[in-house]
Amino acid sequence: MKLFLKPGACSLSPHIVLEEAGLKYETEVVDLQTKVTASGADYLKINPKGYVPALQLDNGEVITEGPAIVQYLADQAPGKKLAPANGTIERYKLQGWLTFIGTEIHKTFSPFFNPATPAEWKATCRANLERRFGYVAEQLAGKDYLMGSDFSVADAYLFTVAGWAKYIELDLSQWPALAAYQARVAARPAVVAAMKAEGLL
């Protein structure tokens, strides 16, 4: 398998999951401005959406969208317990977390990375992020990870997007449970390996 990524972007989430799952893979960096990959390929022919991540399977099929990719990867290594079994209520709870992280946290960061975003809209987005991180911190109280005692693909995603807080000078230490969670996830060997591979450590 090949994961197309941009260092530090949301593609870090499936990169972490690949490491956690112990699956064989390679990575290729994408220049999101030119839409050209490190090997010179036209990325739009691989993923017409033009953004990362994309996972190219051994048979040539391509899966896009982080929440879909990480669930696929978890299902390739069921023994690692990175996602509850399909059809269980716990799996739907995991999907709920992936959706919340994607739509309510990930997308709320997007305006901060666009130079054309008006200051008043950034202020609104910051207030929304603070509310959502407050909710997450409440849910983490007394738990190691979002789903309880086991690390899941939702944790890889939350860790990735919450890590962007530093770029907008949003201090996560105001939510002690969230700050402790970020430190706990950051210490996992698979997370360290993925971040080192992307030049983030």
Side-chain angles (χ1 to χ4, degrees), residues 1-30 37-39 43 46-47 49 51-103 105-106 136 139-140 143-164 178 180-201:
M1 291 184 285
K2 181 186 285 188
L3 177 68
F4 292 90
L5 59 81
K6 177 181 185 290
C10 57
S11 46
L12 175 61
S13 169
H15 196 174
I16 290 169
V17 173
L18 280 160
E19 284 290 330
E20 290 278 356
L23 298 168
K24 283 187 175 181
Y25 72 97
E26 54 188 56
T27 62
E28 187 162 347
V29 173
V30 180
T37 74
S39 66
Y43 186 59
I46 298 161
N47 179 8
K49 296 171 183 172
Y51 52 75
V52 293
L55 182 71
Q56 190 169 52
L57 308 183
D58 294 341
N59 65 3
E61 288 259 15
V62 175
I63 303 173
T64 60
E65 303 301 331
I69 292 171
V70 296
Q71 289 182 83
Y72 171 82
L73 294 172
D75 290 339
Q76 305 314 299
K80 299 290 185 174
K81 297 183 178 176
L82 294 169
N86 272 307
T88 63
I89 191 68
E90 291 302 305
R91 183 61 168 248
Y92 297 113
K93 288 180 180 177
L94 173 80
Q95 291 170 349
W97 272 119
L98 290 170
T99 302
F100 177 81
I101 296 162
T103 60
I105 301 178
H106 181 171
V136 170
Q139 299 306 305
L140 283 170
K143 293 194 294 193
D144 288 339
Y145 301 108
L146 288 172
M147 299 290 291
S149 58
D150 290 331
F151 179 90
S152 76
V153 297
D155 296 299
Y157 195 12
L158 177 59
F159 170 80
T160 296
V161 296
W164 299 341
L178 179 56
Y181 165 87
Q182 285 292 100
R184 192 158 49 247
V185 176
R188 294 179 68 85
V191 175
V192 171
M195 293 185 76
K196 280 186 175 176
E198 294 191 18
L200 303 173
L201 290 177

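The first residue of the sequence shown is numbered 1, and numbering continues consecutively from there.
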Practice item. Decide salt bridge (charged side-chain N to carboxylate O under 4.0 Å, His left out) for E65 and K49; before the verdict, give the C-alpha distance in whole Å, the side-chain angles of both, and the deciding distance to 0.1 Å. Key: CA-CA 10 Å; E65 303 301 331; K49 296 171 183 172; 3.0 Å; yes

Is the side chain of [X] donor-acceptor paired with the backbone N or O of [Y] at a distance under 3.5 Å, no angle test?
| X | Y | answer |
| --- | --- | --- |
| Q182 | L178 | no |
| D155 | L146 | yes |
| W97 | V153 | no |
| E28 | S39 | yes |
| Y157 | C10 | no |

Practice item. Quick one: do I63 and L57 satisfy side-chain contact (heavy atoms from CB on, under 4.5 Å)? Show the steps, please. Key: CA-CA 8 Å; I63 303 173; L57 308 183; 4.2 Å; yes

**Study point:** Check against salt bridge (charged side-chain N to carboxylate O under 4.0 Å, His left out), D75 and R91
**Key:** CA-CA 11 Å; D75 290 339; R91 183 61 168 248; 2.9 Å; yes

**Study point:** Check: V30 and I46 side chains under 4.5 Å, non-hydrogen atoms
**Key:** no

Review point. Does NZ in K81 sit with more than 12 non-hydrogen atoms of other residues, nucleotides or ligands closer than 6.0 Å?
Key: no

Exercise for review: Mark yes when over 12 heavy atoms from residues, nucleotides or ligands other than K6 sit less than 6.0 Å from its NZ; otherwise mark no.
Suggested key: no

Practice item. Please report the C-alpha distance between I105 and L158 in whole Å, then the side-chain angles of each, then the deciding distance to 0.1 Å, and finally whether the side-chain contact (heavy atoms from CB on, under 4.5 Å) criterion is met. Key: CA-CA 8 Å; I105 301 178; L158 177 59; 4.1 Å; yes

Exercise for review: Classify the ring geometry between Y25 and H15 as parallel (under 30°), tilted (30 to 60°) or perpendicular (over 60°).
Suggested key: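 Perpendicular.
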
Write down the atom of [X], the atom of [Y], and the distance for their closest heavy-atom approach.
| X | Y | value |
| --- | --- | --- |
| F151 | Y145 | N-CD1, 3.4 Å |
| M1 | D58 | N-OD1, 2.9 Å |
| P7 | E198 | CA-OE1, 3.2 Å |

**Study point:** Chi angles and distances behind the side-chain contact (heavy atoms from CB on, under 4.5 Å) call for Y72, L55
**Key:** CA-CA 10 Å; Y72 171 82; L55 182 71; 3.9 Å; yes

Check your understanding: What's the verdict on side-chain contact (heavy atoms from CB on, under 4.5 Å) for K80 and E20, showing C-alpha distance, side-chain angles and the deciding distance?
Key -> CA-CA 8 Å; K80 299 290 185 174; E20 290 278 356; over 6 Å; no

